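Taking it in order: structure first as structure tokens, then the write-up.
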Amino acid sequence: MSNLSKAFIERVKKEYIVDTRKYRYTTKECYDATHQWLEIRRLPISALDTTAAIDGWETVEVIE
């Protein structure tokens, strides 16, 4: 889905929230009746503490 490095993906999985100069990355655990997965999502730092933070998160990686 994206070009995140394996090391960065592991860092987000370990720390749950990682800030870079441009984005805040976080994880979200998702599940349905048959399986579960982890999504790594990001939001521009400039959108923190605004109403865009409610639904402005972009999924950048899905880990099955």
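No hydrogens, no waters, no symmetry mates; every other heavy atom, side chains included, goes into these values. Here, residue 1 is the first one in the sequence, and each next residue gets the next number. Predicted model, so just to flag it, every value in this text is computed and none were measured.
- Across all their heavy atoms, Trp37 and Glu39 have their closest contact at NE1-OE2, 3.2 Å.
- Separation of atoms CD1 (Ile63) and CD (Glu10) is listed at 7.0 Å; rounding is to 0.5 Å.
- Interatomic distance, SG of Cys30 versus CD of Glu64, reported as 10.0 Å (0.5 Å rounding).
- The nearest pair of heavy atoms linking Val18 to Arg11 is CG1-CZ, 3.5 Å.
- When all heavy atoms are compared, the tightest approach of Ala47 to Ala53 is O-CB, 3.7 Å.
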### Message
Run Val12 and Thr27 through side chain to side chain contact (heavy atoms under 4.5 Å, CB included) and show every step you take.
### Response
CA-CA 7 Å; Val12 175; Thr27 60; 3.6 Å; yes

### Task
Could you walk me through whether Lys28 and Thr59 pass side chain to side chain contact (heavy atoms under 4.5 Å, CB included), step by step?
CA-CA 9 Å; Lys28 180 179 180 190; Thr59 301; over 6 Å; no

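- Leu4 is linked by a side-chain contact (heavy atoms from CB on, under 4.5 Å) to Ser2, Phe8, Ile9, Tyr25, Ile40, Val60, Glu61, counting only residues two or more places apart in sequence or in another chain.
- In the hydrophobic clustering, Leu43 connects to Ile45, Leu48, Trp57, either directly or through intervening members, whenever side-chain heavy atoms lie under 4.5 Å apart.
- Counting only residues at least two apart or in different chains, salt bridge (Lys or Arg N to Asp or Glu O under 4.0 Å) contacts with residues 48-59 comprise Arg42-Glu58.
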